[in-house]
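First comes the structure, then the notes that go with it.
Heads up: numbering here begins at 1 and tracks the sequence.
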Amino acid sequence: MTYRIRGLDPAPYLPLFGLSDDELAVRGIVRMTVNEKPGFPCRVTLEDREIGESVLLLNHVSHDVANPYRASHAIFVTEGGTEVAEFVDEVPPVFAARVLSLRGFDKDGMMADAILTQPGEAEAGIRKLFDNPEIETIHAHNAVRGCFSAKIERS
(Lines give C-alpha, C1' and ligand atoms only; values in the text may rest on other atoms or scores of the structure.)
Protein backbone atom coordinates (compact mmCIF):
# COMPACT_ATOMS: atom_id res chain seq x y z
CA MET A 1 0.00 0.00 0.00
CA THR A 2 1.33 3.41 -0.94
CA TYR A 3 0.00 6.85 -0.15
CA ARG A 4 0.42 10.41 -1.40
CA ILE A 5 0.28 13.75 0.38
CA ARG A 6 -0.03 16.91 -1.73
CA GLY A 7 -0.16 20.52 -0.73
CA LEU A 8 -3.18 22.57 -1.71
CA ASP A 9 -3.49 23.98 -5.22
CA PRO A 10 -2.36 27.61 -4.98
CA ALA A 11 -4.61 28.81 -7.85
CA PRO A 12 -7.49 30.00 -5.64
CA TYR A 13 -5.09 32.09 -3.57
CA LEU A 14 -3.16 33.79 -6.39
CA PRO A 15 -5.62 36.70 -6.72
CA LEU A 16 -5.12 37.45 -3.00
CA PHE A 17 -1.35 37.91 -3.19
CA GLY A 18 -0.44 41.57 -2.99
CA LEU A 19 -3.88 42.86 -1.97
CA SER A 20 -3.86 45.53 0.71
CA ASP A 21 -4.67 44.58 4.29
CA ASP A 22 -8.02 46.37 3.92
CA GLU A 23 -8.86 44.44 0.74
CA LEU A 24 -7.99 41.20 2.51
CA ALA A 25 -10.04 42.14 5.58
CA VAL A 26 -13.15 42.57 3.45
CA ARG A 27 -12.68 38.91 2.45
CA GLY A 28 -12.12 37.78 6.05
CA ILE A 29 -8.39 37.22 5.48
CA VAL A 30 -5.49 38.42 7.63
CA ARG A 31 -1.90 38.97 6.45
CA MET A 32 0.64 37.97 9.08
CA THR A 33 4.41 38.08 9.35
CA VAL A 34 5.99 34.84 10.58
CA ASN A 35 7.50 35.51 13.99
CA GLU A 36 8.34 31.99 15.17
CA LYS A 37 9.35 28.67 13.66
CA PRO A 38 7.66 26.26 13.81
CA GLY A 39 4.31 27.97 13.99
CA PHE A 40 3.16 29.02 10.52
CA PRO A 41 2.70 25.87 8.39
CA CYS A 42 1.88 26.65 4.75
CA ARG A 43 -0.74 24.29 3.29
CA VAL A 44 0.62 24.64 -0.25
CA THR A 45 4.31 23.96 0.45
CA LEU A 46 3.71 21.82 3.58
CA GLU A 47 6.61 23.58 5.28
CA ASP A 48 6.83 25.80 8.32
CA ARG A 49 7.62 29.20 6.94
CA GLU A 50 10.71 31.22 7.79
CA ILE A 51 10.70 34.12 10.23
CA GLY A 52 9.95 37.37 8.39
CA GLU A 53 7.92 35.78 5.57
CA SER A 54 4.38 36.93 4.81
CA VAL A 55 1.51 34.46 5.10
CA LEU A 56 -2.23 34.76 4.67
CA LEU A 57 -4.54 33.39 7.36
CA LEU A 58 -7.82 32.39 5.74
CA ASN A 59 -10.68 29.94 6.00
CA HIS A 60 -10.47 26.74 3.96
CA VAL A 61 -13.14 24.11 3.39
CA SER A 62 -11.13 20.92 3.83
CA HIS A 63 -13.96 18.40 3.58
CA ASP A 64 -16.57 19.65 1.12
CA VAL A 65 -19.25 17.00 1.51
CA ALA A 66 -23.01 17.03 2.01
CA ASN A 67 -22.94 15.23 5.34
CA PRO A 68 -22.29 16.08 9.00
CA TYR A 69 -18.50 15.85 8.52
CA ARG A 70 -18.27 18.90 6.23
CA ALA A 71 -15.39 20.89 7.68
CA SER A 72 -13.62 24.21 7.40
CA HIS A 73 -11.03 25.97 9.50
CA ALA A 74 -8.29 28.57 9.35
CA ILE A 75 -5.09 27.78 7.42
CA PHE A 76 -1.90 29.60 6.45
CA VAL A 77 -0.83 30.08 2.84
CA THR A 78 2.53 31.61 1.98
CA GLU A 79 1.97 34.85 0.13
CA GLY A 80 3.50 34.32 -3.28
CA GLY A 81 3.98 30.58 -2.75
CA THR A 82 3.08 28.54 -5.82
CA GLU A 83 5.23 25.40 -5.57
CA VAL A 84 2.96 22.54 -4.53
CA ALA A 85 4.59 19.98 -2.26
CA GLU A 86 4.14 16.29 -2.93
CA PHE A 87 5.25 13.36 -0.79
CA VAL A 88 4.84 9.71 -1.74
CA ASP A 89 5.17 7.13 1.04
CA GLU A 90 6.71 9.72 3.36
CA VAL A 91 5.34 12.44 5.56
CA PRO A 92 6.11 16.13 5.06
CA PRO A 93 8.42 17.87 7.51
CA VAL A 94 5.50 19.95 8.76
CA PHE A 95 4.10 16.82 10.46
CA ALA A 96 7.31 16.07 12.38
CA ALA A 97 6.93 18.20 15.51
CA ARG A 98 3.14 18.13 15.83
CA VAL A 99 0.48 16.04 17.51
CA LEU A 100 -1.89 15.16 14.67
CA SER A 101 -5.49 14.09 14.51
CA LEU A 102 -5.74 11.68 11.58
CA ARG A 103 -9.31 11.25 10.35
CA GLY A 104 -10.10 8.43 7.92
CA PHE A 105 -13.02 8.89 5.53
CA ASP A 106 -14.86 6.34 3.39
CA LYS A 107 -16.09 6.74 -0.21
CA ASP A 108 -19.14 8.72 0.99
CA GLY A 109 -17.07 11.16 3.02
CA MET A 110 -18.18 9.66 6.31
CA MET A 111 -15.59 9.24 9.04
CA ALA A 112 -14.72 5.56 9.37
CA ASP A 113 -11.97 5.88 12.03
CA ALA A 114 -9.67 8.42 13.62
CA ILE A 115 -6.53 8.42 15.75
CA LEU A 116 -4.14 10.83 17.42
CA THR A 117 -0.44 10.58 16.67
CA GLN A 118 2.41 12.07 18.64
CA PRO A 119 5.36 13.84 16.99
CA GLY A 120 7.21 11.33 14.80
CA GLU A 121 4.29 8.86 14.66
CA ALA A 122 2.35 10.17 11.64
CA GLU A 123 3.67 7.53 9.21
CA ALA A 124 2.60 4.66 11.48
CA GLY A 125 -0.79 6.26 12.03
CA ILE A 126 -1.41 6.70 8.32
CA ARG A 127 -0.53 3.08 7.61
CA LYS A 128 -2.72 1.87 10.48
CA LEU A 129 -5.74 3.76 9.18
CA PHE A 130 -5.16 2.59 5.60
CA ASP A 131 -5.18 -1.01 6.90
CA ASN A 132 -8.94 -0.45 6.99
CA PRO A 133 -10.07 -1.04 3.37
CA GLU A 134 -13.09 1.26 3.86
CA ILE A 135 -10.85 4.29 4.30
CA GLU A 136 -10.18 6.10 1.02
CA THR A 137 -8.66 9.33 2.33
CA ILE A 138 -7.20 10.63 5.56
CA HIS A 139 -7.27 14.22 6.66
CA ALA A 140 -4.47 15.32 8.96
CA HIS A 141 -5.32 18.09 11.40
CA ASN A 142 -3.02 19.80 13.86
CA ALA A 143 -4.49 18.53 17.10
CA VAL A 144 -3.72 21.56 19.26
CA ARG A 145 -5.41 24.22 17.13
CA GLY A 146 -7.58 21.85 15.10
CA CYS A 147 -6.70 23.27 11.70
CA PHE A 148 -6.49 21.18 8.55
CA SER A 149 -2.94 20.24 7.62
CA ALA A 150 -3.12 17.98 4.56
CA LYS A 151 -5.12 15.33 2.72
CA ILE A 152 -3.61 11.86 2.38
CA GLU A 153 -4.73 9.57 -0.44
CA ARG A 154 -4.09 5.98 -1.36
CA SER A 155 -1.95 5.82 -4.47
Side-chain angles (χ1 to χ4, degrees), residues 3-87 91-119 121-122 125-126 129 135-155:
Y3 65 88
R4 182 179 73 152
I5 304 170
R6 277 183 56 85
L8 296 177
D9 178 0
Y13 311 114
L14 297 177
L16 304 172
F17 299 164
L19 292 181
S20 71
D21 288 348
D22 289 339
E23 291 170 312
L24 291 172
V26 169
R27 294 165 172 82
I29 301 168
V30 176
R31 176 179 287 116
M32 301 178 77
T33 300
V34 175
N35 60 7
E36 64 180 309
K37 185 178 178 182
F40 293 80
C42 176
R43 297 334 190 276
V44 173
T45 65
L46 300 179
E47 297 175 326
D48 278 294
R49 302 316 301 177
E50 298 296 328
I51 293 173
E53 286 187 282
S54 178
V55 294
L56 301 179
L57 178 64
L58 52 92
N59 189 268
H60 170 71
V61 176
S62 59
H63 196 52
D64 195 6
V65 293
N67 72 40
Y69 289 106
R70 178 174 165 64
S72 70
H73 205 289
I75 63 167
F76 292 113
V77 173
T78 306
E79 191 160 21
T82 59
E83 193 168 323
V84 179
E86 183 170 19
F87 297 85
V91 296
V94 75
F95 285 9
R98 292 180 168 85
V99 176
L100 297 175
S101 170
L102 300 178
R103 304 166 187 181
F105 294 96
D106 67 16
K107 64 180 177 53
D108 298 317
M110 294 294 289
M111 192 178 301
D113 200 359
I115 58 173
L116 285 177
T117 62
Q118 297 302 311
E121 297 176 355
I126 291 165
L129 285 175
I135 294 176
E136 290 196 355
T137 63
I138 299 169
H139 290 203
H141 290 255
N142 296 328
V144 175
R145 295 205 178 224
C147 49
F148 173 78
S149 186
K151 183 177 180 179
I152 306 155
E153 300 176 306
R154 292 180 188 271
S155 60

Polar side-chain atom of [X] near backbone of [Y] as donor-acceptor pair, under 3.5 Å:
X      : Y      : value
Asn59  : Gly28  : no
Asp48  : Gly39  : yes
Asp106 : Asp108 : yes

What distance do [X] atom [atom1] and [Y] atom [atom2] have between them, rounded to the nearest 0.5 Å?
X      : Y      : atom1 : atom2 : answer
Asp9   : Thr82  : CG    : OG1   : 10.5 Å
Glu53  : Cys42  : CD    : SG    : 8.5 Å
Thr137 : Lys151 : OG1   : NZ    : 5.5 Å
Arg70  : His63  : CZ    : NE2   : 10.0 Å
Leu58  : Tyr13  : CG    : OH    : 6.0 Å
Thr78  : Arg49  : OG1   : CZ    : 3.5 Å

- Task: Step through the shown structure and confirm whether more than 12 heavy atoms of other residues, nucleotides or ligands are within 6.0 Å of CD on Glu83.
- Result: no
- Query: Who are the side-chain hydrogen bond (donor to acceptor under 3.5 Å, both in side chains) partners of Glu79, not counting sequence neighbours?
  - Reply: Arg31, Ser54
- Any side-chain heavy atom of Ile126 sitting closer than 4.5 Å to one from Ile5? yes
- Task: Answer yes when Arg4 and Glu153 have at least one side-chain N-carboxylate O distance shorter than 4.0 Å, and no when they do not.
- Result: yes
What's the shortest heavy-atom distance between [X] and [Y], and which atoms?
X      : Y      : result
Pro41  : Val94  : CB-CG2, 3.3 Å
Asn67  : Gly109 : ND2-O, 3.2 Å
Val65  : Tyr69  : CG2-C, 4.1 Å
Gly104 : Ile135 : CA-CG2, 3.8 Å
Ala114 : Leu129 : N-CD2, 4.2 Å
Leu57  : Met32  : CD2-SD, 3.9 Å

- Message: Before you tell me yes or no, could you show the steps for Ser149 and Arg98 under side-chain contact (heavy atoms from CB on, under 4.5 Å), namely the whole-Å CA-CA distance, both residues' side-chain angles and the distance that decides it to 0.1 Å?
- Response: CA-CA 10 Å; Ser149 186; Arg98 292 180 168 85; 5.9 Å; no
- Query: Phe148 vs His60 aromatic rings, parallel, tilted or perpendicular, using cut-offs 30° and 60°?
  - Reply: tilted
- side-chain contact (heavy atoms from CB on, under 4.5 Å) between Asn142 and Leu100, worked out: CA-CA 5 Å; Asn142 296 328; Leu100 297 175; 3.5 Å; yes
- Message: Tell me every residue that passes ring-ring contact (aromatic ring centres under 6.0 Å, His included) with Phe40, counting only those two or more places apart in sequence or in another chain.
- Response: Phe76
- Stepwise side-chain contact (heavy atoms from CB on, under 4.5 Å) check, Thr117 with Phe95: CA-CA 10 Å; Thr117 62; Phe95 285 9; over 6 Å; no
